[in-house]
Protein chains: 2
Amino acid sequence: MIRLRKDAEVTLFPSHAQKPADFQHWLGSLRGRFEDYLTKQGLNLTKQRETILHCLTEADQHLTAEQIYDQVKKKDASIGRATVFRTIKLLQECGLVDEIASLRGSAKFELKADRPHHDHMICVECGRILEFQSPMMEKFQDEAIRKQGFTALWHRHEIFGRCKLCQKQRS
Amino acid sequence: MIRLRKDAEVTLFPSHAQKPADFQHWLGSLRGRFEDYLTKQGLNLTKQRETILHCLTEADQHLTAEQIYDQVKKKDASIGRATVFRTIKLLQECGLVDEIASLRGSAKFELKADRPHHDHMICVECGRILEFQSPMMEKFQDEAIRKQGFTALWHRHEIFGRCKLCQKQRS
DNA sequence: TCAATAATGATACTCAATCTCAATTTCAAT
DNA sequence: ATTGAAATTGAGATTGAGTATCATTATTGA
């Protein structure tokens, strides 16, 4: 028999993460982590890659690659689309960025950085993405993985439906 | 404090579902459910749609639309790709088929029919899809949905990693 | 029967994402 | 600073899954 504390069940997150108080320091530390990873791979932190990371830190919502590209062009119009895609992939590899499947079409991305793992509810009406966390859910997931003898690399848990606001507008 | 029975936690499924003993009866009942849905929508159960459903009942693994198309052509070479895509969509709408995101590229589909809800582990090496079920995980998920005031329509919970066999081959 | 509607298959198209490749930049070792 | 190897880039071509179009065929209900 497993016993659970009721208050440990589920936590809702605000719809987009709050920026750290010391933004510059935070940005610097992320840049450092990116550079460490690149160096380890024999790659360099170019100004394009820095610009793209910078745009992601400024975003306060989940963005598609195209939306990131639009933001990037405001800072440096010469950066190409391919570079944005390539850099997002690098950021995923080093664990700084997570991909979230959008309803249809292009994927959306979020800066993971040091945020705790969380899952998503995606509104099929307005596209809003809500975040939640449930350590107990993770616990049972891990149990399934262990039982199966599987080695998990990453996972996605996405609930599609209608958010509170869009339900109101319907009725 | 919530108390859980340890044996209610996690169930693993065999990698592909077993066929019901009375296959013909099962197929007939699925055909009936499909027809009911179509009729309700003012649509007809054509021989093409019947053939596609039939192929899905015979499959013993998760298939991409293209793979379903290949199977369908063995039964009736005149059926077009578009019809396969359209029919899969109809089968999803009436709850007979579920979509599973594959690692990359095309989606995979499985016949849901009366199988209990389950989630998937997807091996990034060999593409194998393993199934598991955790009522408790669902419970916490529902709690998050309730707290958020969300109305869930469907969800996907997919764990990507390496299966037991592919780990062995690596070491 | 026959008009209205549904369904089909071939093909053109869309769109995100990836690939190619020549040109440029960066780095490490002189 | 110079140089050669390797990394990086941007433009544009390409891929590939899925969708839209549309003329033709099938089905339905009056």
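Labels below follow one simple rule: chain letters A, B, ... track the order of the sequence lines, proteins then strands, and each chain is numbered from 1.
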Q. Looking for any heavy atom pair under 4.0 Å, which part of the strands does B:Glu66 touch: base, sugar-phosphate only, or nothing?
A. nothing
(Q) Taking B:Arg81 first and then B:Asp70, would you say they form a salt bridge - that is, a charged N and a carboxylate O separated by under 4.0 Å? (A) no
Q) Is the ring centre of B:His155 less than 6.0 Å from the ring centre of B:His157? A) no
Q: Quickly work out the A:Leu45 CG to D:dT9 C1' distance and round it to whole Å.
A: 15 Å
**Q.** Closest listed nucleotide, where the reference is the side chain of A:Arg86 and the choices are D:dT27, C:dG9, C:dT20
**A.** C:dT20
Q.
Tell me which residues in residues 69-84 of chain B lie within less than 4.0 Å of DNA chain D, going by non-hydrogen atoms.
A. B:Arg81, B:Ala82
(Q) Dot-bracket, 5' to 3', for DNA chain C please: Watson-Crick or G-U pairs under 3.5 Å, [ ] where pairs cross earlier ones, | where the partner sits on another strand, dots elsewhere. (A) ||||||||||||||||||||||||||||||
**Q.** Nearest-angstrom distance from the residue atom CD of A:Gln41 to C1' of D:dA6
**A.** 15 Å
Q.
Output the rounded distance in Å from CZ (A:Phe109) to P (C:dA17).
A. 6 Å
Q. If you round to the nearest 0.5 Å, how far is NE2 of B:His62 from CD of B:Glu110?
A. 4.0 Å
Q) Looking at the side chain of A:Thr46, which of D:dG18, C:dA7, D:dT9 is the nearest nucleotide? A) D:dT9
Q. Are A:Glu50 and A:Lys47 close enough for a salt bridge, meaning some N to O gap below 4.0 Å?
A. no
Q.
Using whole Å, what does the distance between atom P of nucleotide C:dT18 and atom CG of A:Leu90 come to?
A. 12 Å
(Q) So that I can tick it off, tell me whether B:Lys19 and B:Glu58 are bridged by a salt bridge, with the cut-off set at under 4.0 angstrom between side-chain N and carboxylate O. (A) no
Q: Output the single nucleotide from D:dA7, D:dA17, D:dT19 whose closest atom is nearest the side chain of B:Lys89.
A: D:dT19
Q) Can B:Arg115 and B:Glu131 be counted as an ion pair, charged N to O under 4.0 angstrom? A) yes
(Q) From CD1 of A:Ile88 over to P of D:dT8, roughly how many Å is that when rounded to an integer? (A) 17 Å
Q | Salt-bridge contact B:Lys89-B:Glu99 (side-chain N to carboxylate O under 4.0 Å) | A | no
Q. Over how many whole Å does the gap from B:Leu43 atom CG to D:dT28 atom P extend?
A. 12 Å
Q: Report yes if at least one side-chain N or O of A:Asn44 is closer than 4.0 Å to OP1 or OP2 of C:dT25; otherwise report no.
A: no
**Q.** Short N-O contact, B:Asp36 and B:Arg31, less than 4.0 angstrom
**A.** no
Q. Atom CD of B:Gln48 to atom P of C:dT8: distance rounded to whole Å?
A. 5 Å
(Q) Test side chain to side chain contact (heavy atoms under 4.5 Å, CB included) on A:Phe34 and A:Leu91; report intermediate values, then the result. (A) CA-CA 7 Å; A:Phe34 193 22; A:Leu91 287 164; 3.7 Å; yes
Q.
Using the side-chain heavy atoms of A:Phe85, tell me which of these nucleotides is nearest: D:dA7, D:dG18, C:dT18.
A. C:dT18
Q) Roughly how many Å is it from NZ in B:Lys47 to P in C:dT8, rounded to a whole number? A) 8 Å
